[in-house]
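Following: one structure in structure tokens, then a few remarks.
Letters A, B, ... are given to chains in the order of the sequence lines, protein chains preceding strands, and every chain is numbered from 1.
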There are 2 protein chains.
Amino acid sequence: MTARTSAESPRGIPEATVARLPLYLRALTALSERGTTVCSSEALASAAGVNSAMLRKDLSHLGSYGTRGVGYDVANLRYQISREIGLTQDRNVAVVGLGNLGQALANYAGFRSRGFRVVSLLDADPRLFGMTVADLQVRPVADLEAVVAELDVAIGVVATPAEAAQEVTDRLVAAGVASILNFAPTVLSVPEGVDVRKVDLSIELQILAFHEQRRSPSYAPTISTTPAARGAVAVQEEGR
Amino acid sequence: MTARTSAESPRGIPEATVARLPLYLRALTALSERGTTVCSSEALASAAGVNSAMLRKDLSHLGSYGTRGVGYDVANLRYQISREIGLTQDRNVAVVGLGNLGQALANYAGFRSRGFRVVSLLDADPRLFGMTVADLQVRPVADLEAVVAELDVAIGVVATPAEAAQEVTDRLVAAGVASILNFAPTVLSVPEGVDVRKVDLSIELQILAFHEQRRSPSYAPTISTTPAARGAVAVQEEGR
DNA sequence: TAGATTGTTAATCGATTAACAATC
DNA sequence: TAGATTGTTAATCGATTAACAATC
């Protein structure tokens, strides 16, 4: 899912751990809102939906922020994780592609509340130019390079059709954007050092379908099909 | 991300492999559309963005569909993977929560083209009742149980605010839905045998932010902060 | 001190990759 | 037959988990 080759970040935190830090942060926030000031690894792990041994191992990569026999100070641990992730600093986001999904993303409140500022919306369709979404006017994708430079864009969200995604990504990267969140159903190739994360709705559904199939009563473990019979089945794909 | 405890499906296909099958399917479709009828593991792996050894290992779990010295028949492999995933059968999907994201999901063309039929839209807000989205009328979430039974819903998409997600999930599960795609930023607890997959936009952004931070020039490997200084920093979380 | 809970070590487990014998 | 490429084995690597000594 990511362009990094190593499983460890430069500072030595395993990718699997990095992916769970936001989960811990969320759980800590929930505890904090309920007035909890101290919690055990057991309680926090349960709130985050993981094993407590894993939680302690993960946290040990950040430092020693707990107290033996007591637990973790909720406010402090929350701050330490935020800092580790880099949420103490705001980051500017540009959304490219203002279809249904792009518009929903532009409006997504979860971005802003976590230090991600959507500062620009870009699309290739002239009919959308000037349209206001989430208090921003949609600009032509031709302005991409100018927008990245002017507005100091750090993260690009690609919500274009699959066919346009690679070109948009190339231009984002060339303009200096090194973090891409890709919603287009396509594999992006990027140079070393650029980070791509992929969110693919139809792939998630297909994984569910796989398990679903193994539950349904009509499921037969072995289906023999002749090559001729196979040819008769139309398999659909793509389309977005 | 999933409620299954074992890493293997009943039929013995590792979860990591299952998660890549849709990728291979997509790559095969692209090859097919370009007129390619046969391809090597090398070519397919490159199109899917994975190592060719991993691709061959993954495919070996399904059976022996390649020809040594030649490669794979694109149409046949595509059919075999579709069948394995269970895409040869249509599945009915209900979307609960018709905010920006829910509406975008209801309109998402990638669902229908892959055998997922959105058959019902549900929301708790009376102002949305009767509104038409993607040719469907929004119904009260109170109708959930009736809708699942009447329309044979196999997959529930939860796009509600975090606070409502667990209750909606409980009701979906009680009504017989065993596959849940969760977009709400919260951990769902479900009984054994129910499959939950989670798509969390803000977590993806936070993972990008982590790597982004390690690139930016202002990044200092060790920041010493006193407990007092920490207390002064407001860390925001949640909000959706 | 006795009880609780962290941080870490060691064991286990699964996933990835390289290499190559089988075979078209 | 010679060349190509699969399917599989074995090696490596990373991630998870159990267990416990350290210590509050």
> Can you tell me if Thr169(A) uses its side chain to pair, donor with acceptor, with the backbone of Ala165(A) under 3.5 Å?
Replying inline: yes
> dT16(D) phosphate, OP1 or OP2: any side-chain N/O from Arg20(A) under 4.0 angstrom?
Replying inline: yes
> Among side-chain atoms of Arg114(B) and Ser202(A), is any donor-acceptor pair under 3.5 angstrom?
Replying inline: yes
>> For dG7(D) and Tyr72(B) - does any side-chain N or O of the residue sit under 4.0 Å from the phosphate oxygens OP1/OP2?
In response: yes
> Is it true that a side-chain atom of Arg34(B) and a backbone atom of Ala30(B) form a donor plus acceptor pair closer than 3.5 Å?
Replying inline: no
> Donor-acceptor pair, Thr67(B) side chain versus Val70(B) backbone, under 3.5 Å?
Replying inline: no
> Roughly, in whole Å, what's the span from CG in Leu23(A) to P in dT16(D)?
Replying inline: 12 Å
> So, the side chain of Gln166(A) versus the backbone of Ser189(A): is there a donor-acceptor pair under 3.5 Å, distance only?
Replying inline: yes
>> Using whole Å, what does the distance between atom P of nucleotide dT8(C) and atom CG of Leu59(A) come to?
In response: 11 Å
> Quick one: on DNA chain C, does Val70(A) or Ser60(A) contact a more 5' nucleotide (nearest heavy atom)?
Replying inline: Val70(A)
>> Short of 4.0 Å, heavy atom to strand atom, which residues of residues 38-57 of chain B count as contacting DNA chain C?
In response: Asn51(B), Ala53(B), Met54(B), Arg56(B), Lys57(B)
>> Using a 3.5 Å distance criterion without hydrogens, assess whether the side chain of Ser46(B) forms a donor-acceptor pair with backbone atoms of Glu42(B).
In response: no
> Quick one: Gln80(A) CD to dG7(C) P, roughly how many Å, whole number?
Replying inline: 12 Å
> Rounding to a whole Å, what distance do you find between Leu77(B):CG and dT6(D):P?
Replying inline: 11 Å
> Mind checking who dA22(D) pairs with, Watson-Crick or G-U wobble, both distances under 3.5 Å?
Replying inline: dT5(C)
> Does the Arg117(A) side chain pair with the main chain of Asp90(A), one donor and one acceptor, at a distance under 3.5 Å?
Replying inline: no
>> Any N or O donor-acceptor pair under 3.5 Å from the base of dT23(D) to the side chain of Arg68(A)?
In response: no
> In whole angstrom, what separates His61(B)'s NE2 from dG14(C)'s P?
Replying inline: 12 Å
> Within less than 4.0 Å of OP1 or OP2 of dG7(D), is there a side-chain N or O belonging to Ser64(B)?
Replying inline: yes
